[in-house]
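Encoded as structure tokens, the structure appears first; notes follow it.
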Amino acid sequence: MGHPIGHTKSPVFQQAGLDELGIKETFEAWDVAPEDLEEEVKTFRDEGFLASCVTLPHKQAVIPLVDELTDAAEAVGAVNWIFNRDGILVGHNTDGSGFLRALKEKAGFDPAGADAVVFGAGGAARAIVYALKNAGVNRLTIANRTVEKASVLASEFSEGRFKPVACGMSRDELADHVPYATLLVNTTSLGMAGGPAEMATPVTSELISAEATGYDAVYAPPMTQFLREVEKAGGDTAGGITMLVYQGIEGFEMATGQKAPVDVMFAAIEAALKADS
Ligand code: ATR
């Protein structure tokens with residue numbers, strides 16, 4: 001469920017996964033206008049659909065329409081999957097766990113004990129900060145153009161020894177944090193295709209450690225200026241569609257109770273993207 005939904009590649013890779021496992025279910029894309037959301041969630045419940053992937057602009061609006069929230073959905077404040085457990089709707093969020101799995105599988109990076117910088121303080125940053133906290137990151141800096149938003153996010157997730165630091169995006173402020181980080185994550189829209197700042201990056205190579213892994217939540221284009229800067233510094237990179245696909249894979253596994261055929265699902269989406277270009 002999303003709106004608009006025309007661009008979504010979810011049906012392609014979800015259906016490929018279902019078919020590969022011989023599961024006789026169909027993944028449908030529902031274009032749901034905001035005013036129809038309540039009615040469509042009711043249809044989903046009453047007709048016994050198994051699970052729903054929820055995307056923009058419904059990830060918050062759907063919260064009061066489900067019966068239960070998992071800890072992840074509660075902490076992130078957004079639902080990207082609903083599971084229909086015999087008429088009880090459970091709202092969950094796999095953006096954070098999908099990010100961790102993408103980082104592990106595609107960059108071989110385990111954030112436990114790492115020093116990390118997250119650029120941005122919007123919805124994607126929230127899911128990633130939640131995930132990094134759970135993964136046992138050591139020090140975390142949240143850098144955002146609007147520092148106040150970074151401060152709010154940092155204090156919301158502060159707990160015990162885990163105290164994220166907030167800062168702005170000026171070079172001077174970043175110089176106090178970025179060179180010491182082994183993980184850099186861009187969640188801002190800087191570098192996004194079609195946006196006003198396609199060639200922009202939150203940080204440039206001279207501040208980046210050669211030991212760093214850079215992850216970009218921006219997936220179009222697959223190689224952003226930020227990832228080029230990380231490469232130039234000698235670091236490793238990951239991003240592209242990996243977070244998008246792994247959030248779907250995590251939901252697929254919870255919906256079906258089976259291990260997802262990850263390679264088949266990635267091959268399906270890569271073929272669809274190639275056919276588009
Ligand atoms: P998402 O849900 O994808 O995280 P969002 O909530 O709209 O999207 O957040 C966009 C992020 O990109 C914000 O951190 C935003 O910074 P502000 O909080 O200061 O608005 C950041 N962003 C967008 N355009 C930017 C720009 N030109 N320079 C720096 N940061 C930018």
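Order of listing sets the numbers, starting from 1, for every ligand and every atom in it. Values reported hereafter were calculated over all heavy atoms of this structure, with side chains retained and with hydrogens, waters and symmetry mates removed. Predicted, not measured: the structure shown is a model, and the values here were computed from it. Position 1 is the first residue of the sequence, and the numbers go up from there.
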- Query: What's the shortest heavy-atom distance between A73 and V79, and which atoms?
  - Reply: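 It is CB-CG2, 4.1 Å.
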- Run the numbers on Y219 and T224 for side-chain hydrogen bond (donor to acceptor under 3.5 Å, both in side chains), then give the verdict. CA-CA 8 Å; Y219 55 86; T224 58; over 6 Å; no
Salt bridge [X]-[Y], side-chain N to carboxylate O under 4.0 Å:
X: R45; Y: D67; result: yes
X: R126; Y: E156; result: yes
X: R85; Y: E68; result: no

List, for ligand 1, each N/O atom that has a protein N/O partner under 3.5 Å away, with both atom names and the distance.
from	atom 1	to	atom 2	distance (Å)
ligand 1	2 (O)	G123	N	3.4
ligand 1	4 (O)	G123	N	3.2
ligand 1	4 (O)	A124	N	3.0
ligand 1	6 (O)	G123	N	3.4
ligand 1	12 (O)	S189	N	3.4
ligand 1	14 (O)	A121	N	3.0
ligand 1	14 (O)	N144	OD1	2.7
ligand 1	16 (O)	N144	OD1	3.3
ligand 1	18 (O)	N144	ND2	2.8
ligand 1	18 (O)	K149	NZ	2.8
ligand 1	19 (O)	R145	NE	3.1
ligand 1	19 (O)	T146	N	3.0
ligand 1	19 (O)	T146	OG1	2.4
ligand 1	20 (O)	R145	NH2	2.9
ligand 1	24 (N)	S189	OG	3.4
ligand 1	27 (N)	R145	NH1	3.3

- Message: Does anything in residues 94-106 form a salt bridge (Lys or Arg N to Asp or Glu O under 4.0 Å)? List the pairs, not counting sequence neighbours.
- Response: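 As it turns out, the salt bridge (Lys or Arg N to Asp or Glu O under 4.0 Å) pairs with a partner in residues 94-106, which skip direct neighbours, are K59-D95, R101-E250, R101-E253.
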